[in-house]
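A quick note: this is a predicted structure, and the numbers were derived from the prediction, not measured.
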Amino acid sequence: MTRARRFGSLLAAAAVAVSLAGCAAPPPPAAPPVPPAEPAVEAEPALSELPMPEIRKERVHSASRGTDTELYLAYPTGLESTENLPVVLYLHGRDGVNPTPIPYDTLASLERLYHEGRIPAFGFVVVDGGYNPYWNDGSANGDLATMLNEELPVWLSERGFGDAEGLPFAAAGISTGGFGALTYAADRNLAGKPVAAVGEVAPALQVSWEGMREKEAFGTEDEWLAVDPLNRLDDLGDVPIGVWTGDTDPFLDGIEQLIDRHHNTPVVTYLPGGHEGAVFEAVGTEFVEFLADSLQRNQP
């Protein structure tokens, strides 16, 4: 399935009248009637100006990272209570949490679909993993996998989010965060606490050590292979994975290996474009609906 973004444009025409100077010159011909002006086309609001969910940010101390880090929660406005609100762990990509760790269209879709009554209430939780995170232990940013698996449930429980153990019901990620969301889901499955779904937006999946080494995220090939999602597909179990990618994404070889080799990929959407914002901002509605469907299927 391919979805193209819509763009609007407004065309205008101008008439130029030329007159001849000199008293003996004949009068200029009458100007042609001016056509009625076309109605103005109202510009679509910028994505960042769309109605957004409630966004809550605070600093927490991560022993796994050895520093304070940002904890970011997004959930629909107007909820009577956020107690035990289900959340999706959303892992950001290379550039971190600014200006936003989640594409604006995804945030706007969460807000809109909830208020339209099309999805149950849930939220997203983000933790700052620093620059260029692949969300593994032993990284330049600290033990990120341990932060997600051990510290995050405590932070969520203290704030009344997540299930009875403070666990997110699903995982998602963009670019390097897509890599991390798959390894997180594999870890959860091996621990006997599988996630309900994984949403993958342009996951940064390399198919060779030569390509991975250029990213300067792992010291050795063995360190990479130990967490590489394409090397851990059996660890994922039967978790449904939704995939959204540009049709010219530089990671397409790895993304298509994930699609072909994992037996449960119910949603796969190719969009025109590469590893870029135009693709990331085009997936919101379908992406949020996929996660909401997994929540509804797993509610008691």
Side-chain angles (χ1 to χ4, degrees), residues 46-77 82 85 87-111 122-137 139-156 158-159 161-162 166-168 170-185 198-204 215-217 244 275-284 287-288 291:
L47 285 169
S48 59
E49 296 174 359
L50 292 173
M52 288 286 133
E54 189 78 28
I55 294 176
R56 171 178 163 184
K57 302 178 185 179
E58 58 184 292
R59 304 290 293 180
V60 292
H61 183 74
S62 170
S64 300
R65 286 201 62 190
T67 186
D68 290 346
T69 189
E70 182 175 290
L71 179 68
Y72 171 113
L73 289 156
Y75 47 87
T77 60
T82 59
L85 183 71
V87 293
V88 175
L89 171 61
Y90 195 108
L91 300 183
H92 65 74
R94 182 189 66 180
D95 294 330
V97 296
N98 294 312
T100 175
I102 303 175
Y104 287 115
D105 189 51
T106 296
L107 291 169
S109 295
L110 175 68
E111 175 75 355
F122 71 90
F124 289 107
V125 60
V126 176
V127 285
D128 187 356
Y131 177 74
N132 196 33
Y134 281 77
W135 301 96
N136 57 296
D137 282 349
S139 77
N141 302 328
D143 292 337
L144 299 184
T146 298
M147 178 178 70
L148 298 178
N149 288 305
E150 298 182 8
E151 294 184 298
L152 178 62
V154 176
W155 297 333
L156 289 173
E158 290 173 346
R159 290 155 181 81
F161 287 87
L167 293 174
I174 184 170
S175 190
T176 63
F179 182 110
L182 290 168
T183 59
Y184 172 80
V198 182
E200 292 284 293
V201 180
K215 304 303 179 182
E216 299 181 343
W244 293 263
H275 202 77
E276 57 185 310
V279 172
F280 307 156
E281 294 291 357
V283 309
F287 179 81
V288 171
L291 295 169

(message) For Phe161, give me all partners under ring-ring contact (aromatic ring centres under 6.0 Å, His included), at least two apart in sequence or on another chain.
(response) Tyr75
Minimum heavy-atom distance [X]-[Y], with the two atoms named:
X      : Y      : answer
Pro101 : Ile174 : O-CG2, 4.4 Å
Pro53  : Ala74  : CG-CB, 4.4 Å
Ala181 : Ala171 : O-CB, 4.1 Å
His275 : Ala202 : CE1-O, 3.1 Å

When you compare the side chain of [Y] with that of [X], does any pair of heavy atoms fall below 4.5 Å?
X      : Y      : answer
Leu71  : Lys57  : no
Val60  : Thr69  : yes
Val125 : Tyr90  : no
Val283 : Val288 : no
Phe124 : Thr106 : yes
Val88  : Phe122 : yes

Short side-chain to backbone donor-acceptor contact, [X] and [Y], under 3.5 Å:
X      : Y      : result
Ser175 : Ala204 : no
Asp105 : Gly284 : yes
Asn132 : Lys215 : yes
Glu70  : Glu58  : no

Once you round to the nearest 0.5 Å, how far does [atom1] of [X] lie from [atom2] of [Y]?
X      : Y      : atom1 : atom2 : value
Thr100 : His92  : OG1   : NE2   : 11.0 Å
Leu91  : Phe179 : CG    : CZ    : 11.5 Å
Tyr72  : Ile102 : OH    : CD1   : 5.0 Å
Asp128 : Arg65  : CG    : CZ    : 5.5 Å
Arg159 : Leu73  : CZ    : CG    : 8.0 Å
Leu107 : Glu281 : CG    : CD    : 8.5 Å

(request) Mind checking salt bridge (charged side-chain N to carboxylate O under 4.0 Å, His left out) for Glu54 and listing every partner two or more places apart, or none if nothing turns up? (result) none
(message) Are more than 12 heavy atoms, taken from residues, nucleotides or ligands other than Glu216, located less than 6.0 Å from that residue's CD atom?
(response) no
(message) Less than 6.0 angstrom separating the ring centers of Tyr184 and Trp135, yes or no?
(response) no
(message) Checking Val87 against Leu156 for the side-chain contact (heavy atoms from CB on, under 4.5 Å) test, could you report, in this order, the C-alpha distance in whole Å, the side-chain angles of both residues, the deciding distance, and whether it holds?
(response) CA-CA 9 Å; Val87 293; Leu156 289 173; 4.1 Å; yes
Pairs under 3.5 angstrom only: tabulate donor-acceptor contacts from the side chains of residues 140-153 to other protein residues two or more places apart or in another chain.
| residue | atom | partner | partner atom | Å |
| --- | --- | --- | --- | --- |
| Asn141 | ND2 | Gly129 | O | 2.9 |
| Asn141 | ND2 | Tyr131 | O | 3.0 |
| Asp143 | OD1 | Gly138 | N | 2.8 |
| Thr146 | OG1 | Asp137 | OD1 | 3.2 |
| Thr146 | OG1 | Asp137 | OD2 | 2.8 |
| Asn149 | ND2 | Ala145 | O | 3.0 |
| Glu151 | OE1 | Ser62 | OG | 2.7 |
| Glu151 | OE1 | Ser64 | N | 3.4 |
| Glu151 | OE1 | Ser64 | OG | 3.0 |
| Glu151 | OE2 | Ala63 | N | 2.8 |

